[in-house]
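Data first, discussion second: the structure below is written as structure tokens.
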Amino acid sequence: MEHIDFGQVAKSYAKAREDIPVSLMDSLYVRGIFLDGKKVADIGCGTGALTRKIAMRKAAVTGVDPSKELLQQAAALNRSKNYNIPYLHGTSENTGLDDSQFDIVTVMRAWHWFDREKAIAEMKRILKAKGTLIVIDSGFLAGPSVVEKTFEVLTKYVSDGLKPAGAKAESSQRINGFPAEWFHEWQSNGFELRDFYKLNYNITFSQDTWVERVESISWLAGLEKDVRDKALKDLTESLSDQETFVIPHECNVCILRLQE
């Protein structure tokens, strides 16, 4: 499976991925996921958007990501927002974290990039007995004219088509966006499915913030810089007749509990 270097678009990623809805954290709380005082590892943390939401709720959270550029952006955002969250350069398969130390492991917008067999083993290693794994995905929905126009432009530049990201492209059946085989993999490795649900929310973008968001997605991050710049210029020109857009998003959350 191809790996995308999101470090190439780290600045846009930092600006565009702060869009985690308040309803996500509230939805965890009402399902009995209490973060106050808990030790949490956020794997594939990127620029730290979820780690900051978790820290706001008084958890001791550590972020891990393979991209040094994204971690540099995370640290800069933390300084500007007065957070003191530790980040480690590591992967989902080799986090560098200690055994059996974490009450909760979170993964947001990243499970589809992992070597899942090795990642599951690593999650089991770092979680405490009966620990909780929360896998989250979110993204904008097709339908609005600005999204359709964006797809039209990107299709001209992404040579192998606008396929789903990472392992999602390999799956023939998805449930709320999650490949069906993931559920079997989790359960056969000792993770019991406790809850699985969907949240819908809207985000308002200006033309500039929408273009930044598009630059941060894997289709663009995987392009050479000159091709990416040309695509973004083309996109900006195609959107010149609108100043702001309200884009519907969907957030899917899977809560799993380690049984061993």
- line: One should read off an interatomic distance between K130 NZ and Q259 CD, to the nearest 0.5 angstrom, of 5.0 Å
Under 3.5 Å donor-acceptor, N252 side chain and N176 backbone: yes
- request: Applying side-chain contact (heavy atoms from CB on, under 4.5 Å), run through L71 and C45 and close with a yes or a no.
  value: CA-CA 8 Å; L71 292 179; C45 66; 3.7 Å; yes
query: So with a 6.0 Å cut-off around CD of Q101, is the heavy-atom count from everything else above 12?
result: yes
- prompt: Does the E117 side chain pair with the main chain of D115, one donor and one acceptor, at a distance under 3.5 Å?
  reply: no
- prompt: Strictly under 6.0 Å, is that where the ring centroids of W186 and F191 end up?
  reply: no
Candidate pair F205 and V146, rule side-chain contact (heavy atoms from CB on, under 4.5 Å), full reasoning: CA-CA 11 Å; F205 292 88; V146 63; over 6 Å; no
- request: Calculate, to the nearest 0.5 Å, the distance between atoms CD1 and CD belonging to I120 and E185 respectively.
  value: 5.5 Å
- prompt: Under 4.5 Å between any side-chain heavy atoms of L193 and F183, yes or no?
  reply: yes
message: Just so I know, are the side chains of I54 and M25 near enough to count as touching, which here means a heavy-atom distance under 4.5 Å?
response: yes
task: For the residue pair D234 and K156, establish whether any side-chain heavy-atom pair is separated by less than 4.5 Å.
output: yes
message: To the nearest 0.5 Å, what is the distance between CZ on F140 and OG1 on T150?
response: 7.0 Å
message: Membership question, hydrophobic clusters at under 4.5 Å side-chain separation (ILVMFWY): are I175 and L133 in the same one?
response: yes
statement: Scanning both residues in full, the closest heavy-atom pair of S92 with I43 reads CA-CG2, 3.7 Å
Heavy-atom pair of closest approach, residues F245 and S206: CE1-O, 3.8 Å
query: Between Y87 and D65, does a side-chain contact (heavy atoms from CB on, under 4.5 Å) hold up when you go through it step by step?
result: CA-CA 8 Å; Y87 292 109; D65 200 89; over 6 Å; no
message: Could you walk me through whether V40 and T106 satisfy the side-chain contact (heavy atoms from CB on, under 4.5 Å) test, starting with their C-alpha distance in whole Å, then the side-chain angles of each, then the deciding distance to 0.1 Å, before giving a yes or no?
response: CA-CA 7 Å; V40 183; T106 56; 4.2 Å; yes
message: Which residues pass the ring pair (Phe, Tyr, Trp, His ring centres under 6.0 Å) test with Y197, not counting sequence neighbours?
response: none
- request: Over all heavy atoms of both residues, which pair between P248 and N202 is shortest? Give the atoms and the distance, please.
  value: CA-OD1, 3.2 Å
task: Check side-chain hydrogen bond (donor to acceptor under 3.5 Å, both in side chains) between D195 and all other residues, then give those that pass, not counting sequence neighbours.
output: R31
query: How would you list all residue pairs meeting ring-ring contact (aromatic ring centres under 6.0 Å, His included) that involve residues 40-82, not counting sequence neighbours?
result: none
- prompt: Among the clusters formed by ILVMFWY side chains lying less than 4.5 Å apart, do L141 and V214 turn up in the same one?
  reply: no
statement: For T244 and T204, the nearest pair of non-hydrogen atoms, with its separation, is CB-CG2, 4.4 Å
task: Kindly assign one of parallel, tilted or perpendicular to the pair Y201 and H249, based on the angle between their ring planes and the thresholds 30° and 60°.
output: tilted
- prompt: Which of these, K124, K128, R125, sits in a side-chain hydrogen bond (donor to acceptor under 3.5 Å, both in side chains) with D99?
  reply: R125
message: Would you compute the distance between atom CD of E250 and atom CG of N200 and round it to the nearest 0.5 angstrom?
response: 5.5 Å
- prompt: Does F151 reach the side chain of E148, with side-chain heavy atoms less than 4.5 Å apart?
  reply: yes
- request: Look at the side chain of Q207 and the backbone N and O of L239, then say whether any donor-acceptor pair between them is shorter than 3.5 Å.
  value: yes
query: Any chain of hydrophobic side-chain contacts (each under 4.5 Å) joining L232 to V227?
result: yes
query: Any idea which heavy atoms bring L88 and T95 closest together, and the distance?
result: CD1-O, 4.1 Å
- prompt: Charged N to carboxylate O under 4.0 angstrom, K39 versus D103?
  reply: no
task: Examine distances only and state if a side-chain atom of Q187 and a backbone atom of E192 form a donor-acceptor pair shorter than 3.5 Å.
output: no
task: State, with a plain yes or no, whether a side-chain heavy atom of M123 is found less than 4.5 Å away from one of N189.
output: no
message: Could you work out, with side-chain hydrogen bond (donor to acceptor under 3.5 Å, both in side chains) as the rule, every residue matching T236, not counting sequence neighbours?
response: none
message: Does this structure show an ion pair linking E122 with K118, if we count only N-O contacts that are shorter than 4.0 Å?
response: no
ring-ring contact (aromatic ring centres under 6.0 Å, His included) contacts in which one or both residues fall within residues 27-85, not counting sequence neighbours: Y29-F34
query: Can you tell me how far the CZ atom of R194 sits from the CD1 atom of I255, to the nearest 0.5 Å?
result: 9.0 Å
field: Heavy-atom check, side chain of L28 versus side chain of V253, under 4.5 Å
entry: yes
- prompt: How does the hydrophobic cluster around V22 look, that is, which other residues are in it when side-chain heavy atoms under 4.5 Å mark a link?
  reply: none
query: Can you name the closest pair of heavy atoms from E181 and Q173 and give their distance?
result: OE1-O, 4.3 Å
- request: State, with a plain yes or no, whether a side-chain heavy atom of I136 is found less than 4.5 Å away from one of L50.
  value: yes
field: Reported CG-to-CD1 distance for the pair L258 and I126, which is rounded to 0.5 angstrom
entry: 11.0 Å
